[in-house]
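One structure below.
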Number of protein chains: 2
Amino acid sequence: MPAPLLSKEEVLDRLMRTFREHGYDGASLAELSAATGLGKSSLYHYFPGGKVDMAKQVLEHLEAALEKAMFEPLRSNKTPEKKLSAMLDTLSAFYDGGRLACLLERLCASVDRRSFRRPLAKMFDKWMRAVEGLALEAGLPKTVARSRAEDLVVRIEGALIVATGAGDTKVFARTIADLRTSVLACPRT
Amino acid sequence: MPAPLLSKEEVLDRLMRTFREHGYDGASLAELSAATGLGKSSLYHYFPGGKVDMAKQVLEHLEAALEKAMFEPLRSNKTPEKKLSAMLDTLSAFYDGGRLACLLERLCASVDRRSFRRPLAKMFDKWMRAVEGLALEAGLPKTVARSRAEDLVVRIEGALIVATGAGDTKVFARTIADLRTSVLACPRT
DNA sequence: GTCTATAATAGGATAGAC
DNA sequence: GTCTATCCTATTATAGAC
């Protein structure tokens, strides 16, 4: 670790930002080096496995960050509605209102995607289970809760793509707004 | 055009498949050459602008293909419900039940994305307008029709990501199944 | 741990013969 | 139009000094 420079946390944050902006395939070692202020040799010191290693560690770093910012608050004793709303606020901030891409998506689409298979599947599962738990807490039947959770993740990932493609972040904002009311709504009879 | 070999249509099809499988950034000229059976020089003969040019022409090719397979059938005199179902069947086949990525998404995420800005925005708009028209035809109010259209595109793009990430194409199948009934449903009062 | 230098390779792109 | 050969740059990765 650079004594006076960046902490490993900060290094991982900057690597994540670079992967999210340029994509995994699009991010070169030169860019990753510039983003962190670490020379290539230093990068290889911390990440002996090169780019794949960086992405794996960034993924673990993200998991820890989400645990704190998104999953832990779900264990409070607030109402499910408030907790859902807090999660959506966190997500909206994390994606900067639809301007920043999702790391999971970037890695899913990479040439080295096989290397990230397990951790990616685990992350998606964790996210969906968290939302499912919230829906169960709100009194929804198990099958409905599951599909609502799946739908939340699907729509957020999709909204990020469409916002980018259509060049309009409002798509993302509308999706978040709709999820705020639809995820825990009573099923139609 | 190779006299005895592939038609330009077929060349574009194979390029599209390669971009969808490996991603735009991940597809090398060597792979694109192998996929089409054309040497690099031949590729540059048909696509003087290189990779960017290939992707642009592939995008136009896709637009024409979708026009025929997806948009034109919407102008028949069948019921909106049947036409929606036909569109979803076409999409499900096009994405091979969630196993094949979306070209639009691949290009949105590429390092050369700026080069594809206009055509991508146009494609998304065209797709959404088509669904919006269907919803209007089914008697939905304009604002609802618009958001249903947006939602269909968002959820399909998202389902492709999540299916890949979670390693389970069932997510895609469930999304398609749900869209079949939800897109044209009467709004809640 | 970090740097400079450099190896080794892959990538995109072009020249010129046929 | 297609091929072989080649150029040039960027890229990943490593060696070795400090």
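Just the heavy atoms: all of them, side chains too, but no hydrogens, waters or symmetry mates, feed the values below. Remember, predicted model here, so these are calculated numbers, not experimental data. Residue numbers start from 1 in every chain, and the chains themselves are labelled A, B, ... in the order their sequence lines are given, proteins ahead of strands.
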Whole-Å gap separating C1' (D:dA13) and CG (A:L32): 14 Å
B:R17, CZ atom: more than 12 neighbouring heavy atoms under 6.0 Å: no
Minimum heavy-atom distance between A:F116 and A:V52, given as atom pair plus value: CE2-O, 3.7 Å
Annotated protein contacts, base or backbone, on nucleotides 10-15 of chain C with a non-hydrogen cut-off under 4.0 Å, one of B, S, - each: -SBBBB
Same apolar cluster: A:F47 and A:L103, side chain cutoff 4.5 Å: yes
Residues which pass salt bridge (Lys or Arg N to Asp or Glu O under 4.0 Å) with A:E150, listed by chain and number, not counting sequence neighbours: B:R174
Euclidean distance, atom CG of residue A:L43 to atom P of D:dT11 [Å, nearest integer]: 14 Å
Between C1' of D:dA10 and NE2 of A:H22, the distance in whole Å: 15 Å
Contacts of B:E137 that satisfy side-chain hydrogen bond (donor to acceptor under 3.5 Å, both in side chains) - sequence neighbours left out: B:K83
Atom-to-atom span, OH of A:Y46 to P of D:dA13 - whole angstrom: 19 Å
Under the 3.5 Å Watson-Crick or G-U criterion, the dot-bracket string of DNA chain C, with | for inter-strand pairs: ||||||||||.|||||||
Qualifying residues under salt bridge (Lys or Arg N to Asp or Glu O under 4.0 Å), relative to A:R99, sequence neighbours excluded: A:D96
Residues forming a ring pair (Phe, Tyr, Trp, His ring centres under 6.0 Å) with A:F71, sequence neighbours excluded: none
Residues A:L59, A:L104; criterion side chain to side chain contact (heavy atoms under 4.5 Å, CB included); working and verdict: CA-CA 8 Å; A:L59 214 38; A:L104 305 184; 3.8 Å; yes
